[in-house]
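These numbers were taken from a predicted model, which means no experiment stands behind them. For the numbers below, each heavy atom of this structure counts, side chains included, while hydrogens, waters and symmetry mates do not. So you know, we letter chains A, B, ... as the sequences are listed, proteins then strands, and number each from 1.
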2 protein chains.
Amino acid sequence: MVVDTRADENIDRIFRALADSTRRDIVRRTLASTYSVSELAHEYDMSFAAVQKHVAVLEAADLVRKFPNGRERIVKGNPTTIRKAQELLAQFEHLWRDRIDRLDAFLAE
Amino acid sequence: MVVDTRADENIDRIFRALADSTRRDIVRRTLASTYSVSELAHEYDMSFAAVQKHVAVLEAADLVRKFPNGRERIVKGNPTTIRKAQELLAQFEHLWRDRIDRLDAFLAE
DNA sequence: AGTATCTACAACCATTTGGTTGTAGATTAC
DNA sequence: GTAATCTACAACCAAATGGTTGTAGATACT
């Protein structure tokens with residue numbers, strides 16, 4: 001069985017992007033407030049280029065978007081993609097509940 | 001600023017584990033039904049050892065657990081960890097909502 | 001105009017990841 | 001008892017990841 005589709009690759013990117021505490025912190029910050037790339041870079045113990053790469057990973061996953069503002073790029077967190085991931089996990093939980101419901105129905109016989 | 005803690009590493013593992021469509025499929029299956037490792041292996045176009053490794057990654061993230069049953073290991077999806085991830089994403093969304101609420105309050109002045 | 005700042009991007013490096021094959025230990029089936 | 005099945009794990013390999021430094025293009029400041 002082959003499992004991978006284009007849609008799956010997008011999901012891969014989302015979870016992969018979230019699997020790093022620096023990137024999760026960037027998402028939190030840019031959801032709660034406004035940051036340029038260099039403002040973000042000041043927050044972490046790593047090079048500007050490293051932070052830039054993290055932002056690029058998040059952007060590829062559509063977890064943040066960049067908007068030009070003069071020489072700066074304003075990074076904004078994208079709540080829609082967060083919700084998408086959340087809904088996928090909710091489906092997972094649903095599978096479990098359905099199973100329990102089936103079990104309950106069986107035991108009720 | 002240093003961002004990583006022990007707790008963060010666990011979160012890393014969860015999202016990292018979910019960032020692969022084969023592993024997401026294993027989670028879905030083992031939440032909805034019962035599979036041994038070899039039964040899972042039959043479902044995918046890869047070696048038994050590869051599937052075994054995927055299960056190990058999921059187990060390290062506590063997304064599945066293994067229970068010995070004779071020579072088999074029964075793999076069970078763990079809804080608790082799914083929920084944990086879901087709640088974390090819900091917090092992210094909350095940051096966004098708070099921001100919008102603050103904006104609304106400001107505009108209402 | 002000249003300088004400083006912000007960003008983009010390439011090249012490089014060590015480590016991790018996702019796959020493989022092969023070997024070996026337990027348990028079950030005949 | 002022997003053979004088949006299920007699992008574990010090591011060794012290996014190519015590709016991706018997460019960091020670095022260095023160079024260069026735009027924009028803003030004085």
- Reckon Q52(B) has a side-chain N or O less than 4.0 Å from the OP1 or OP2 of dT7(D)? no
- Task: Take nucleotides 19-30 of chain C nucleotide by nucleotide from the 5' end and write B, S or -, depending on whether a protein heavy atom sits under 4.0 Å from the base, only from the sugar-phosphate, or from neither.
- Result: BBB-----BB--
- Of all the heavy-atom pairs spanning F92(A) and I82(B), show the shortest one and how long it is. CD2-CD1, 3.8 Å
- Within-4.5 Å side-chain heavy-atom neighbours: V37(B) and E72(B): no
- Task: Write down the distance between CZ (R24(A)) and P (dG18(D)), rounded to a whole number of angstrom.
- Result: 12 Å
- Message: Whole angstroms only, please: what is the CD-P distance between E39(B) and dT5(D)?
- Response: 14 Å
- Query: Within this structure, what is the CZ-to-C1' distance between R13(B) and dT17(C), rounded to whole angstrom?
  - Reply: 15 Å
- How about R24(A) and I11(B): do any of their side-chain heavy atoms sit closer than 4.5 Å? yes
- Closer than 4.0 Å, any side-chain N/O of S38(B) to the OP1 or OP2 of dT5(D)? no
- Message: I need the CD1-P distance between I26(B) and dG18(C), as an integer number of Å.
- Response: 12 Å
- Item | Backbone N/O of D62(A) and side chain of N78(A): donor-acceptor pair under 3.5 Å | yes
- Electrostatic pair D98(B):R102(B) at N-O distance under 4.0 angstrom: no
- Identify, between R16(A) and E72(A), the residue whose nearest nucleotide on DNA chain C lies closer to the 5' end. E72(A)
- Task: Using whole Å, report how far CG of D12(A) lies from C1' of dT17(C).
- Result: 13 Å
- Apply the test side chain to side chain donor-acceptor pair (under 3.5 Å) to residues T34(A) and R99(B): give CA-CA distance (whole Å), side-chain angles for both, the deciding distance (0.1 Å), then the verdict. CA-CA 10 Å; T34(A) 290; R99(B) 180 186 188 177; 2.8 Å; yes
- Contact under 4.0 Å: K66(A) side-chain N or O vs dA8(C) OP1/OP2: yes
- Value in whole Å for how far the C1' atom of dC6(C) lies from CZ of F67(A): 18 Å
- Answer yes if Y44(B) and V75(B) sit in the same cluster of Ile, Leu, Val, Met, Phe, Trp and Tyr residues linked by side chain heavy atoms under 4.5 Å apart, and no otherwise. yes
- Rounding to a whole Å, what distance do you find between Y44(B):OH and dG18(C):P? 15 Å
- Message: Could you tell me how far apart R73(A) (CZ) and dG25(D) (P) are, to the nearest whole angstrom?
- Response: 15 Å
